[in-house]
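First up is the structure itself, then whatever we jot down about it.
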Amino acid sequence: MDYTEKPAKADKIYIPGEINKLQVGMRQIKLSDTYIIHPDNTQTAKTNTPVTIYDTGGPYSDPSYIPNIKEGIPRICEGWYGRRKDIQENESAVNTPQKGSFPNRQPVYRAKGEKRITQMFYAKKRIITPEMEYVAIRENQQIEALGLKSYITPDFVRKEIASGRAIIPANINHPEAEPMIIGKRFLVKTNTNLFHYEYPTEKAVKQMISFCLCGSDTFSDFSTDPNCHQRREWLIRNCPVPLGTSPIFQALTKAENKPENLSWELFRDTLIEQAEQGVDFMAIHAAIRKKHLNLIENRLTSPASQSAKIITQWMKSHKEENFLYTHFKEICEIFKTYDITISLGSGFRPGSIYDASDRAQFTELSEMRKLIETAWDQSVQIMSEGPGHISLNKIEANIKEHKYHCKDVPLFTRGITTTDIAGSNNHIASAIGNAHIAWLGASIISNFDIHSENPPMEKEVKQGIIAQKIAAHVADIAKGHPGAQVRDNALSKARQEGRINDIHQLLLNYE
């Protein structure tokens, strides 16, 4: 799909906020009338209420919007910053212009002094932010018009964030992103991994936009080439959803691709660089401990996480503790300055179902508890990752272990796979497992794990997105999310009445 194409099956609508001045973009499927035939052969028309659906397309799904990737998309959240007295422009930002940089330079923000500016901090102070109201409206998808009730209010959102059970990934330097929430009491979200490598910048941006229009809720950028910084700037300025990274990859590039050359100082500078760009969440593999490396020696396969392999090599080379663990408090101090969410990496997540649920995996899980508490002490939002390749019968036990050790923070399943033989149909094996684990409590699901032999082609990525959107919707229905079944019911009614056009509009087929 070219990035100038517009989804044709639904109208773009904007719902105003009641607490804050905001406009929440969604899509609405207008349905044709139902005709009732009476005994005297006369007929009357009965209007069918439109179905409002969650929209990840940002401005790109609005037919009136004319994209210009050199300008970037509207910075919808920046207008909220003027009322804030806890942030300031950072004139000494390290993101100086380089060859190939995004031409439309934007201000860089940071917290004033030692102030805390995270959504969790505000939530604990009983403040409902514009972001919280935005996601509450978004999650409910206008079901009130159908006479349905929802527990998802702005204050409910605030309470879930204050408790750590939900997060809003929203770096203040990515005001282009429409606020979204991740938590088990909300719609299950999907993540798409971006593998750009040698793609020209414009092609990478267009591809990302097409994935947004397919329904991807977040992106993880795993670019590792020397131009990844410039390309990421273009992506963020044109990205209406949260974008995350595993910063160890860019740090490794700076270390001449030699893990032994890594250092805390180099990694810290990379964190700040990406923070100032606007990265919303970062994978930090701090729960891998040097004393536990022997636990993976007898595995059939190496861990799925490439980041973990890098950190493991560094520890073996230096014979020292993981610097992400020893400097975790400092990482939190950086993240609270920009309101970046930690994605606590599952470095020992298994790369085969044979190794699933072993001692190494659960030992790392137990290490996450104190790291989560450290993040919460600084009001830093955090989610955890796992469990990797796993057979269907072991998913429930993994969810229980996660809930206990990780204090019920949102669970991000990066590339869960329920069998190792699916090959090119891996998206099917992944969707089966993701539907099950999301029903049991996972909050955000992903398709391809980055240990795959070859980066997937664009067509394969889109197939994966659609498979995961189906899995997420299946889980939303099973767990009783407010209004999750509205679209299904409307489709069933259209089928019963033979309204062919409505059937095609209501199907979960992304353009």
Side-chain angles (χ1 to χ4, degrees), residues 1-2 5-15 24-38 41-58 60-64 138-148 150 187-190 192 210-217 425 427-428 431-432 434-435 438-439 445 447 459-511:
M1 175 187 290
D2 186 80
E5 295 180 22
K6 310 294 183 187
K9 294 184 180 179
D11 295 330
K12 186 79 173 189
I13 62 171
Y14 294 91
I15 310 302
V24 182
M26 285 184 271
R27 293 169 66 196
Q28 191 174 74
I29 301 172
K30 291 183 178 178
L31 305 176
S32 55
D33 294 340
T34 294
Y35 289 92
I36 302 171
I37 301 176
H38 301 289
N41 286 329
T42 61
Q43 64 180 17
T44 56
K46 182 180 179 181
T47 302
N48 288 297
T49 305
V51 175
T52 302
I53 56 176
Y54 196 100
D55 181 22
T56 59
Y60 304 112
S61 57
D62 189 332
S64 66
R138 215 176 172 189
E139 289 280 320
N140 285 321
Q141 301 171 94
Q142 294 294 94
I143 61 171
E144 301 89 347
L146 301 172
L148 300 175
S150 173
L187 290 167
V188 176
K189 304 307 188 297
T190 62
T192 301
S210 74
F211 295 160
C212 287
L213 293 171
C214 272
S216 185
D217 292 288
N425 294 310
H427 60 289
I428 299 175
I432 291 169
N434 275 331
W439 168 46
I445 58 179
N447 185 30
K459 181 180 178 180
E460 294 175 317
V461 176
K462 288 186 176 181
Q463 289 176 338
I465 293 172
I466 293 171
Q468 300 315 313
K469 295 302 289 187
I470 294 171
H473 185 66
V474 167
D476 288 332
I477 292 173
K479 69 182 188 178
H481 184 281
Q485 202 170 316
V486 166
R487 189 171 179 177
D488 295 72
N489 294 347
L491 176 60
S492 298
K493 187 172 185 287
R495 279 179 172 151
Q496 178 66 20
E497 297 172 0
R499 290 183 277 117
I500 302 301
N501 186 56
D502 290 352
I503 293 171
H504 290 298
Q505 290 193 89
L506 289 163
L507 287 170
L508 194 64
N509 289 336
Y510 286 85
E511 296 78 12

*asked:* The criterion is side-chain contact (heavy atoms from CB on, under 4.5 Å); which residues satisfy it with L491, sequence neighbours excluded?
replied: R495, I503, L506, L507
*Establish, from distance only, whether the side-chain atoms of K46 and T34 form a donor-acceptor pair under 3.5 Å.*
no
*asked:* Just to verify, what does D502 make a side chain to side chain donor-acceptor pair (under 3.5 Å) with, not counting sequence neighbours?
replied: S32, R499
*Could you tell me whether the side chain of T56 and the main chain of C212 form a donor-acceptor pair under 3.5 Å?*
yes
_Residue pair Y14 / G25: nearest heavy atoms and the distance that separates them_ = CD2-CA, 3.7 Å
*Taking all non-hydrogen atoms of both residues into account, name the closest pair between A438 and A475 and its distance.*
CB-CB, 3.5 Å
*Does K469 pair with D217 as a salt bridge, N-O distance under 4.0 Å?*
yes
*asked:* Please report the interatomic distance CD1(I465) to NE2(H427), rounded to the nearest 0.5 Å.
replied: 12.0 Å
*Specify the closest pair of heavy atoms between I445 and A471, including all atoms of both residues, with the distance to one decimal.*
CD1-CB, 4.1 Å
*asked:* Could you check whether any side-chain heavy atom of D476 comes within less than 4.5 Å of a side-chain heavy atom of K479, counting everything from C-beta outward?
replied: yes
_From Q505 atom CD to I53 atom CD1, the distance as rounded to the nearest 0.5 Å_ = 9.5 Å
*With side chains defined as the heavy atoms from C-beta onward, is the minimum distance between T47 and T49 less than 4.5 Å?*
no
*Grab the two heavy atoms, one from V474 and one from A435, that are nearest each other, plus how far apart they are.*
CG1-CB, 4.2 Å
*asked:* Within the supplied structure, the quantity of interest is the number of heavy atoms (other residues, nucleotides, ligands) at a distance under 6.0 Å from Q496 CD; does it exceed 12?
replied: no
_Side-chain donor/acceptor of K12 to backbone N/O of G58, under 3.5 Å_ = yes
*For residues G215 and T190, report the shortest heavy-atom separation together with the two atoms involved.*
O-OG1, 3.6 Å
_Min side-chain heavy-atom separation I37-Y35 under 4.5 Å_ = no
_Contact check, side chains of S61 and L213, non-hydrogen atoms, under 4.5 Å_ = yes
*Kindly indicate whether the side chain of F211, heavy atoms from C-beta on, has any atom under 4.5 Å from the side chain of V461.*
yes
*Output all residues satisfying side chain to side chain donor-acceptor pair (under 3.5 Å) with E139, sequence neighbours left out; order by chain, then residue number.*
K189, H481
*Using the test side-chain contact (heavy atoms from CB on, under 4.5 Å), find all partners of S150 that sit at least two apart in sequence or belong to another chain.*
N140, I143, I152, P482
*Apply side-chain contact (heavy atoms from CB on, under 4.5 Å) to the pair L187 and Y54, showing each step before the final yes or no.*
CA-CA 10 Å; L187 290 167; Y54 196 100; 3.6 Å; yes
*Distance from N489 atom CG to R487 atom CZ, nearest 0.5 Å?*
12.5 Å
*Side chains of K493 and N48: do they bring a donor and an acceptor to under 3.5 Å?*
yes
*When rounded to the nearest 0.5 angstrom, what is the spacing between CD in Q468 and SG in C214?*
13.0 Å
*Side-chain ion pair, D11 and R27, N-O less than 4.0 Å*: no
*What distance separates K462 NZ from N447 CG, expressed to the nearest 0.5 Å?*
15.0 Å
*Only counting residues at least two apart or in another chain, list the ones meeting side-chain contact (heavy atoms from CB on, under 4.5 Å) with I477.*
H473, A484, Q485, D488
*Are the side chain of D62 and the backbone N or O of S64 linked by a donor-acceptor pair below 3.5 Å?*
yes
*For I13, what residues pass the side-chain contact (heavy atoms from CB on, under 4.5 Å) criterion, not counting sequence neighbours?*
I15, M26, Q28, T52
